[in-house]
Each structure stands twice: as C-alpha cells, then as structure tokens.
Amino acid sequence: MRVLLFLVYSLCSSYLFAQSILIGTTDSGPPFQIPAKDKPHFYGFEIDLMREICQRAQLDCSFKSFNFNDLFDEVRNNHVDLAIGAIMITPDREKEFLFSLPYLIGGGQYATKVSSSIKAISDIKGRSVGIEKGTIFKAWIESQFGNTVQVKEYGTLADVLQALNENKVDAVLLDSGIVQYWTANNSDLLRSVGDPMGSGYGIMANKNNEALIETINKYLLELENDDTYLKLYRRYF
C-alpha cells in the first residue's frame, strides 16, 4: 500500500511540476500556423509539431501570437521560451539566438498574380516587391537586384498579400511553404515565380536556453525515426 501511494504521489508531482513553456508564434502563416475560426487557438504544421514534442518531453506548452518582427525581441528579452514561425536559420541569427536542428528544408520564394507579366525571377528587376517586416528577404532582394527593385515592407503576411492584390506591389517574397500553400489554394489568383531559395527552418530560443533546445532536438529526431514527423508533414503539405 505504501509503495502504491508513493507511485501515485510521484506521478502527481511530475504532472504538477511539469515545466511551463511559452511558445511565441506568428499571427497567421498557413500551413505553418492557422488560427482557428472564432477561437483563440491555432493549428498547423508547426503547432502540431510543437504539441507532439511537448507531449513527449512532458512540457506544459502554451502559445502566444506576435507579428513576425516582434518574435525576435520576445525571445531576446526572455518573454517567451521558444519561437516558431517559419524562421529560417541564418549565420547572422545564429550569432544571437539558439536554433534547433532544421525541421524543414525550405526558404524564400517569389509569387505574383496569375495575370502578371512576371514569368521568371529576372523579370522582377525594375519592379516592386512586398515582404513581411523583420524577415531576411530585404537583404536577399538587395543581393540579387541591388537598388533596381523597390522593396516595400508590411507588418503582417496578410498585409503583404493585400498589397499584391491591390497592385501596390508587383510581386511578393515569402517563405516557400507559405507560397506553396497560397498558390495551391488560390491557383486562379496566385502563382510562384522561380524555385525556393535559402536554407532550413528551426525552432528559436534565447542563448541561455541550451538545455531546452537539446530536449527539442532529442524529440525532433525521435519524431523523424518513428515516422510521426512524416505523418504531420503529409497532413499539411
């Protein structure tokens, strides 16, 4: 009887003292994060991936949404423990933040309206391109085109797409997964331009959260090895 009570106490204690983790995410970036209708909740590839990791690691995880550009300050100031949002791993970002192993190979990709005369990336020269503020895409465009392209920055993904829809920009540069999602679901309105460019996406943390990133990496590998990752991927892509 004493052993049984000890086991029950141990299980309850583990539950009560599970580490609470606040995960910052973007407002909306399908298929990575998709806000549920009329509810303050999210689903999507990254959300489901993090929930699976948290369950296996016995972490008590919750999500809070921000503009993409604000995610970095939230992590930098330790207001959130982790951040997701199709965040590309770059050398400059690795100087300031910790990243998990890449959980998806991808990068940026141009898109435009179906009716646009832009057919190839070279056609973007001399045009205007909309991007989400805080992304690395401004530097990419400048490295490709110098000052021959006008870059217009917007606060949210929705604002970028709205600018394209209203002909305020000629093209947009977004995460390739987001481009694939929107072109697949709006093939009569949008199409991609050129192939994806860049590296992989990672889960971001403050430099002082090394142990947490090690835990994340452990379960990322476990998810890949038991095919759970593949099931999640196929659900959204």
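The analysis underlying the following values was restricted to heavy atoms, covering all of them including side chains, and did not include hydrogens, waters or symmetry mates. For this chain, numbers begin at 1 and follow the sequence in order.
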Can you name the closest pair of heavy atoms from [X] and [Y] and give their distance?
| X | Y | result |
| --- | --- | --- |
| T148 | F145 | OG1-O, 2.6 Å |
| L82 | M50 | CD1-CE, 3.9 Å |
| G200 | P102 | CA-CB, 4.4 Å |
| S116 | R191 | O-NH2, 2.8 Å |
| K95 | K207 | O-CE, 3.5 Å |
| A205 | D81 | CB-O, 3.7 Å |

Answer with yes or no whether the side chains of K113 and N165 bring together a donor and an acceptor at under 3.5 Å.
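K113 and N165 do not have a side-chain donor-acceptor pair below 3.5 Å.
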
Among side-chain atoms of R127 and S117, is any donor-acceptor pair under 3.5 angstrom?
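Indeed, the side chains of R127 and S117 share at least one donor-acceptor pair under 3.5 Å.
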
To the nearest 0.5 angstrom, please state how far the [atom1] atom of [X] sits from the [atom2] atom of [Y].
| X | Y | atom1 | atom2 | answer |
| --- | --- | --- | --- | --- |
| N209 | I21 | CG | CD1 | 7.0 Å |
| E214 | L98 | CD | CG | 9.5 Å |
| L173 | Q144 | CG | CD | 7.5 Å |
| L49 | R235 | CG | CZ | 10.5 Å |
| I23 | M204 | CD1 | CE | 12.5 Å |
| L157 | T26 | CG | OG1 | 8.0 Å |

Tell me if the [atom1] atom of [X] is crowded by more than 12 foreign heavy atoms within 6.0 Å.
| X | atom1 | answer |
| --- | --- | --- |
| E94 | CD | yes |
| K138 | NZ | no |
| K119 | NZ | yes |
| N147 | CG | no |

Donor-acceptor pair, distance only, cut-off 3.5 Å: does the side chain of [X] make one with the backbone of [Y]?
| X | Y | value |
| --- | --- | --- |
| N206 | N208 | yes |
| D60 | Q19 | no |
| Q109 | G194 | yes |

Under the salt bridge (Lys or Arg N to Asp or Glu O under 4.0 Å) rule, what do R76 and E96 come out as? Steps first, then yes or no, please.
CA-CA 8 Å; R76 186 182 292 113; E96 190 171 3; 2.3 Å; yes

Check whether any side-chain heavy atom of [X] lies under 4.5 Å from a side-chain heavy atom of [Y], and answer yes or no.
| X | Y | value |
| --- | --- | --- |
| Q162 | Y154 | no |
| V80 | L71 | no |
| D175 | M88 | yes |
| F137 | Y110 | no |
| R234 | L230 | yes |
| E46 | F63 | no |
| L221 | Y229 | no |
| V179 | V193 | no |

May I ask you to decide if the ring planes of F99 and F97 are parallel, tilted or perpendicular, using 30° and 60° as cut-offs?
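Correct class here is perpendicular.
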
Check the angle between the aromatic planes of F45 and Y103 and answer parallel, tilted or perpendicular using the 30° and 60° thresholds.
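It falls in the tilted class, 30° to 60°.
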
Could you tell me whether F32 and Y201 have their ring centroids closer than 6.0 angstrom?
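So the answer is yes for these two rings.
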
With V160, the side chain to side chain contact (heavy atoms under 4.5 Å, CB included) member among L174, V169, I131:
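Exactly one candidate clears the test, L174.
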
Looking at residues at least two apart in the chain, or sitting in another chain, which of them share a side-chain hydrogen bond (donor to acceptor under 3.5 Å, both in side chains) with D170?
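side-chain hydrogen bond (donor to acceptor under 3.5 Å, both in side chains) list for D170, sorted by chain: S128.
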
T228: which of R56, E52, E222 passes side chain to side chain donor-acceptor pair (under 3.5 Å)
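Testing T228 for a side chain to side chain donor-acceptor pair (under 3.5 Å) against R56, E52, E222 leaves exactly one candidate, R56.
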
